[in-house]
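Whatever order the structure lists ligands and atoms in, that order sets their numbers, starting from 1.
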Amino acid sequence: MNPQYSYSFNSGDGKNKALLGGKGANLCEMTQLGLNVPPGFVITTQTCLLYLENKLLPAGLLDEVREQIADIERATGKTFGGASEPLLVSVRSGSAISMPGMMDTILNLGLNKQTLTGLIEMTDDPRFAYDAYRRFIQLFGKVAQGIEDEKFDSHFNEVKRAAGIKADVALNSEQLQEISNRFLKVVHEETGKPFPEDVYEQLEIAIKAVFNSWLGKRAVDYRREFHITPDVANGTAVNIVTMVFGNMGDDCATGVGFTRNPGTGANEMYGEYLVNAQGEDVVAGIRTPKPVQEMAQEMPEQYRQLVELRNKLEAHYHEVQDYEYTIERGVLYCLQTRNGKMNAAAMVKSSIDMVKEGLIGKERALLRINPELLEQLLLPQLARNHHNQPIAQGLPASPGAACGKCVFDADTAVRLGKTGEELILVREETKPEDIHGFFAAQGVLTSRGGKTSHAAVVARGMGKACVAGAEDIKVDVRSRIAMVGDILIKEGDLITIDGSNGNIYLGRIPTIPPSFSEELKTLLSWADSIAKLRVHANVDTPETARLAASYGAKGVGLCRTERMFNAADRLPLVVDMILAQNTEEREAALAKLFPIQRDDFQQLFEAMSPHPVTVRLLDPPMHEFLPNEHQLLDEIDALKHYLTIIKGQRVTLETLAKPHELPAPFNRLNEEVVIDALAKKQMMLNKVLELYEVNPMLGHRGVRLGMSYPEIYRMQIRSILEAAARCVKQKTPVEPEIMVPQVITAQELIKVRQYVDEIQAEVESQYKLKLNFKFGTMIETVRACTRADRLATTAAFFSFGTNDLTQATFSFSREDAENKFLPLYEESGLLQDNPFETLDVEGVGRLMKMAVELGRKQRPDLKIGICGEHGGHPRSIRFCHDIGLNYVSCSAPRIPIARLAAAHAKLLEEAAG
Ligand code: PEP
Ligand code: MG
């Protein structure tokens with residue numbers, strides 16, 4: 001027996017998208033729900049595959065189609081191909097996955113010379129009928145017979161020109177008839193056959209065309225682009241639906257609606273409609289639609305039907321719906337419904353409301369929101385209705401939008417910032433010595449560097465917008481200008497950057513401020529009560545710690561102490577420490593840094609009290625704190641030049657007489673100052689050359705520094721423990737954790753632990769108390785993963801540094817990869833995702849899993865977290881949950897995302913059984 005090739009909307013299984021396609025299944029579901037859907041049927045995706053295999057419609061299909069049409073005729077009282085009350089249908093494709101634009105829809109199928117007369121009779125509107133006819137011929141010709149639009153359009157325009165008409169709506173029925181006749185000729189010429197008069201022949205051709213479109217170039221490209229494989233969607237279904245007309249008179253209308261307001265989430269009727277119009281008139285914007293509320297007066301009975309439709313949709317789908325409808329002669333038909341896309345605030349509000357209304361439970365309220373969407377709520381966004389075009393694009397390095405005057409260096413930023421100016425710091429790339437400029441600016445734009453460049457990482461930590469690596473922008477700091485092609489941007493010119501997509505605009509675009517609403521707080525409290533993972537924050541200052549706590553962080557998972565070294569008032573002390581000629585000199589410089597660090601830590605502990613704070617000992621290579629070689633050579637040259645001028649000045653009476661003619665700073669400098677400065681710069685240069693490394697990220701950094709310069713780590717350990725002791729004294733509960741970076745062997749940890757033990761004893765006796773803290777390690781080298789059991793003998797906690805671990809596992813750096821070959825790798829499918837954004841579960845994840853197992857075998861209560869960028873990424877959070885981590889740590893703005901994602905991880909695990 002033949003399989004069943006088609007299902008009427010009354011009988012198809014609304015859940016079987018694989019067989020009926022998304023659209024077909026949906027039409028079946030709506031029909032069986034009792035909604036007034038125009039009668040119709042679906043030909044299955046399996047039939048499509050049979051056709052494509054045999055290049056022949058399966059035997060029996062057309063008989064089935066005739067039976068289905070007969071059912072529709074009975075239901076509507078209309079006749080397919082009939083001279084009176086003709087039945088017209090639309091024919092649409094629809095696979096299991098929506099593939100917009102794969103194939104156009106054919107409307108008004110069933111029109112021929114005979115049914116046209118019937119339609120005129122039925123509507124008493126020849127203009128309407130000829131308009132429908134000419135549209136059908138063109139669509140059928142194009143979609144089913146492959147005739148280019150251009151062939152029809154030239155005739156259309158000719159008739160318009162001859163009649164002296166500009167707008168299509170001004171064409172009368174005679175002109176539309178003339179156009180229809182010309183179109184019939186086009187089809188005859190192009191296909192060698194007259195336009196099919198037999199309506200079943202029309203239908204057969206259209207069905208085959210839809211099937212063939214599955215293998216058309218557009219569809220194949222689309223599937224490749226979006227990784228739609230046969231297990232996801234195989235073949236297209238064909239939907240054949242009775243045409244209903246919203247343009248047959250004043251008792252007709254067409255409209256679109258949302259079951260709730262998609263801008264605010266409010267539970268109210270929302271949408272627009274047009275009386276006596278077709279769906280495309282609403283979209284094309286030829287006439288201005290009216291708000292749906294007006295229908296209550298204009299068409300009260302239909303409005304009542306619409307309210308009922310909306311209530312049924314939500315009650316059934318338990319989700320906000322975006323729906324389309326047509327009213328034909330007073331009867332409301334629902335044509336389509338799908339889950340409504342809303343902004344983050346509206347999603348959150350509707351989740352809370354729907355739980356209160358008893359429509360959904362808390363789990364569903366959480367699961368219906370994509371965690372990434374919450375980012376919108378914590379950062380300024382560009383106003384949604386702006387129409388500005390970007391002048392350039394870089395990498396979206398730190399999300400949020402910012403607008404301000406361009407400044408090309410940090411000092412100017414600070415100077416102008418003090419006057420209350422809003423600023424964007426524009427640099428080729430940023431360095432630690434630019435840090436004060438970050439504080440002063442609203443956003444940062446660089447023309448070089450990737451998503452982990454200094455600018456990106458620092459801006460993210462501060463929650464400021466950053467666009468990095470905008471290579472089309474040529475920054476000329478000396479001339480204080482930047483060029484984008486031939487667009488000139490001067491210092492002080494306003495620009496706007498959008499760190500969420502990397503766009504850069506000229507001028508000011510208004511931004512919408514962030515809001516952390518009561519509704520969001522409620523939603524996230526539900527998330528916390530479900531999640532197993534705790535969420536900590538990567539922060540370095542008390543202000544950001546407080547901000548993170550207000551977003552719901554339950555601890556600091558990573559405080560990068562080098563950020564504290566970088567602050568403007570500390571950098572000179574750090575430089576002194578690096579330039580020290582011996583241990584005593586270094587200790588003297590460290591002694592000055594010590595109280596500053598201790599106070600920093602104390603404030604951080606207070607800000608996060610009573611939650612744990614993980615402080616990482618110094619990580620980056622030392623030369624990062626010094627200016628680079630070229631900059632130093634330039635400065636040395638300049639100083640040498642000053643010296644000759646000053647010396648020359650001394651001896652000539654003339655220069656002495658005219659000191660004002662010397663460039664401004666020179667005449668105030670005396671020789672000793674210049675000589676001093678020169679010596680210092682020369683020393684710095686020597687140090688830079690001494691510290692030079694071919695590959696600093698794989699060189700003398702992290703715990704390796706702690707081994708070579710124990711006095712630096714000792715100072716930091718003392719700062720942490722004394723800060724903790726001070727908190728204890730003032731009865732502030734603290735849970736400090738000391739974390740060692742870049743560890744490769746247990747021996748390193750044992751050594752640092754010795755410093756800790758010694759200093760702990762000293763601090764405890766000095767403050768006369770017992771300290772409670774944890775000692776642990778970052779896991780960010782491959783060896784650390786393979787030796788995790790050994791490390792766990794000394795470490796009480798692990799924190800995965802997946803930024804470095806990814807770099808180490810892939811053996812390439814993020815900056816190089818993202819700027820060069822990674823896009824190609826992703827596009828050509830060599831890699832599925834950017835591993836620096838989405839945790840590489842198969843590679844890096846495997847190492848992590850091994851480390852978790854080895855570590856917990858040694859120490860069952862080992863606390864394990866992640867503090868690489870992946871800690872704020874929902875899919876990676878799911879993996880962290882699955883391998884049994886205790887917490888994830890991420891930057892402050894991502895905390896709500898991580899809280900929701902942690903709840904999703906638990907719920908999805910349960911759902912998977
Ligand atoms: C890491 O490597 O993942 C990490 C958190 O450390 P950093 O990014 O500071 O190297
Ligand atoms: Mg690291």
Which atom of Glu780 approaches the Mg ion (ligand 2) most closely (N/O/S): OE1
Note: Glu711-Arg714 ion pair, threshold 4.0 Å (strictly below): no
Which of the ligand 1 atoms, numbered from 1, are nearer than 4.0 Å to a heavy atom of Leu558: 5 (C)
Protein heavy-atom partner closest to atom 9 (O) of ligand 1 - residue, atom, separation in Å: Arg560 NE, 2.8 Å
Met778 to ligand 1, any heavy atom closer than 4.0 Å: yes
Check: Asp804 N/O within less than 3.5 Å of ligand 1 N/O: yes
Geometric class of the His454/Phe438 ring pair [parallel <30°, tilted 30-60°, perpendicular >60°]: perpendicular
Geometric class of the Phe836/Phe810 ring pair [parallel <30°, tilted 30-60°, perpendicular >60°]: tilted
Lys849/Glu853 ion pair, N-O < 4.0 Å: yes
Residue Asp619, metal the Mg ion (ligand 2), N/O/S under 2.8 Å: no
Donor-acceptor side-chain pairing of Glu606 and Gln602 below 3.5 angstrom: yes
Proximity flag Gln742 to ligand 1, non-hydrogen atoms under 4.0 Å: no
Test of proximity, Arg616 against ligand 1: N or O pairs below 3.5 Å: yes
Name of the Asp804 atom (N/O/S only) found closest to the Mg ion (ligand 2): OD2
Within 6.0 Å of CG in Asn370, more than 12 heavy atoms from elsewhere: yes
Distance filter under 4.0 Å to Arg701 heavy atoms, resulting ligand 1 atoms: 10 (O)
Per-atom contacts of ligand 1 with Gly801, taking only distances under 4.0 Å to non-hydrogen atoms: 1 (C), 2 (O), 3 (O)
Ligand 1 atoms in contact with Cys867 (distance to a heavy atom under 4.0 Å): 5 (C)
side-chain contact (heavy atoms from CB on, under 4.5 Å), paired with Pro696, selected from Met622, Glu624, His623: His623
Pair Glu826-Asn834, side-chain donor/acceptor within less than 3.5 Å: no
